[in-house]
Each structure stands twice: as C-alpha cells, then as structure tokens.
Amino acid sequence: QVHLVESGGGSVQAGGSLRLSCEATGDPISDYCMAWIRQSPGKEREVAAFIYVGGGSQSYASAVRGRFTISRDDAKNTLYLQMDNLKPEDTAIYYCAAYSSLPAGCSRWSHVPAFRSWGQGIQVTVSS
C-alpha cells in the first residue's frame, strides 16, 4: 500500500497556473497506476488526469486536456500535476489516488472506484 500526501494547492485568478505535488510513502510507486481526481461542490468525483506505469502515457478528461500535464518521478516517489490557464470551473478539491498495476495493468483509467489509495485532498480555487 502507498500513503499519499498532496501539496501545492491554493487560490489563483483565472488564467493563472498552479503545480500540485503528491508524495508517496510505503510501497514504491513504480508499479502503481496514478491519477489526480477532483470533486467540485455538488458534483461526483472525476478523474482529471491519469498516468500509466513508467510515465510514457497519460490520459486526460476532455475539460482539462491541453491545459493540465500529469507527470511522475518514480525515483522521488512523487506525482505532479501542472495546471495552466486555469478556469473558475477548475475549482475543486484535488485528490492524488493510486492502484496497483499488478496483475491486471492500468486498464480502467477513468473508473474512480478502481483507485484504492487516496490522499486527503487539497483545495484549488480559481476566481474570475
């Protein structure tokens, strides 16, 4: 199991940028499928960005594609989310989440129940 702790959230004006970090302890993350999942008030959680084992492939929700970039540094056991050109509708609590790629791989990138390990969440607020 991995224990996940997010940092880097805060408040920014529309058009601004933020970078979220997620430090993992416990298991090394190299065998974990990882994501940033967000929840806005009154809405269900959605996978905003997902990164596969090895970091060579990523998947994004259509609302953030082209503005958000997910990356991972397995040597530092850390996941990142670079958020550019932020919009008020990006306001949400952002969670770092993960599930082991063993034995089935990272096949269900947008399926929130698949994620077994979660951080405590961090607030991102974008004002217009």
Side-chain angles (χ1 to χ4, degrees):
Q1 286 287 349
V2 290
H3 178 65
L4 304 170
V5 178
E6 303 96 339
S7 62
S11 298
V12 65
Q13 289 193 327
S17 298
L18 283 174
R19 189 189 195 208
L20 304 183
S21 298
C22 171
E23 185 174 349
T25 57
D27 285 350
I29 65 170
S30 55
D31 287 331
Y32 280 79
C33 317
M34 302 196 72
W36 289 97
I37 296 173
R38 67 183 186 179
Q39 186 169 25
S40 302
K43 295 186 177 180
E44 294 185 351
R45 293 183 179 182
E46 65 166 353
V47 179
F50 180 91
I51 190 164
Y52 294 78
V53 168
S57 295
Q58 306 86 34
S59 294
Y60 296 93
S62 57
V64 307
R65 192 175 297 119
R67 301 186 297 118
F68 289 13
T69 303
I70 188 172
S71 61
R72 62 192 295 164
D73 186 335
D74 289 353
K76 294 182 178 180
N77 239 32
T78 302
L79 178 74
Y80 303 98
L81 183 68
Q82 177 66 41
M83 303 185 291
D84 297 317
N85 190 22
L86 282 159
K87 302 177 180 181
E89 51 263 42
D90 295 319
T91 295
I93 298 174
Y94 284 73
Y95 298 90
C96 174
Y99 64 88
S100 177
S101 66
L102 305 174
C106 301
S107 58
R108 307 183 75 180
W109 74 270
S110 62
H111 188 60
V112 172
F115 293 86
R116 298 299 187 184
S117 299
W118 291 76
Q120 80 283 0
I122 194 164
Q123 180 70 44
V124 171
T125 302
V126 184
S127 58
S128 57

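Residue indices begin at 1 and follow the sequence shown.
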On a heavy-atom basis, which atom in Y52 and which in S59 lie closest, and how many Å separate them? OH-OG, 3.4 Å
Which pair of non-hydrogen atoms, one from Y80 and one from D73, has the smallest distance, and what is that distance? CE1-CB, 4.0 Å
Shortest non-hydrogen contact from T78 toward S21: CG2-CB, 4.5 Å
Would D31 and S101 count as having a side-chain donor-acceptor pair, cut-off 3.5 Å? no
Hydrophobic cluster membership, M34 vs W109, 4.5 Å side-chain cutoff: no
Mind listing the closest non-hydrogen atom pair of A92 and R38 along with its distance? CB-CB, 4.0 Å
How many angstroms lie between CD in Q13 and OG1 in T125, if you round to the nearest 0.5 Å? 12.5 Å
Within one Ile-Leu-Val-Met-Phe-Trp-Tyr cluster: Y99 and V47, side-chain cutoff 4.5 Å: yes
Inter-residue atom distance Q82.CD - S71.OG, 0.5 Å rounding: 8.5 Å
CD1 (I122) and CG (L81) are apart, to the nearest 0.5 Å, by 11.5 Å
Donor-acceptor pair, side chain of R67 and main chain of N85, under 3.5 angstrom: yes
So L20 and M83, do their side chains get closer than 4.5 Å, heavy atoms only? yes
Can a donor-acceptor pair be found, under 3.5 Å and without considering hydrogens, that links the side chain of E6 to the backbone of C96? yes
Under the side-chain contact (heavy atoms from CB on, under 4.5 Å) criterion, do I70 and L79 qualify, and how do the steps go? CA-CA 8 Å; I70 188 172; L79 178 74; 3.9 Å; yes
For residues L4 and I37: do they belong to one hydrophobic cluster (side chain heavy atoms under 4.5 Å, members Ile, Leu, Val, Met, Phe, Trp, Tyr)? no
Please assess F50 against C33 for the test side-chain contact (heavy atoms from CB on, under 4.5 Å), listing each intermediate value before the final yes or no. CA-CA 8 Å; F50 180 91; C33 317; 3.6 Å; yes
Within the 4.5 Å heavy-atom criterion, are F68 and L86 side-chain neighbours or not? yes
Above 12 or not: heavy atoms from other molecules or residues under 6.0 Å from CZ of R65? yes
Looking only at heavy atoms, which two atoms of T91 and Q123 are closest? And how far apart? CG2-NE2, 4.0 Å
Do V53 and S30 come within less than 4.5 Å of each other through their side chains, counting heavy atoms only? no
For A14 and P88, work out which heavy atoms get closest and say how close. CB-CD, 4.1 Å
Would you indicate whether the side-chain heavy atoms of V5 and Q120 approach each other to under 4.5 Å? yes
With side-chain contact (heavy atoms from CB on, under 4.5 Å) as the test, would you mind laying out the steps for V112 and E46 before giving the verdict? CA-CA 7 Å; V112 172; E46 65 166 353; 5.8 Å; no
Do Y60 and V124 sit in one hydrophobic cluster, given that two such residues count as connected whenever their side-chain heavy atoms are within less than 4.5 Å of each other, even indirectly? yes
Inter-residue atom distance Y32.OH - Q1.CD, 0.5 Å rounding: 5.5 Å
Answer yes if Y95 and V2 sit in the same cluster of Ile, Leu, Val, Met, Phe, Trp and Tyr residues linked by side chain heavy atoms under 4.5 Å apart, and no otherwise. no
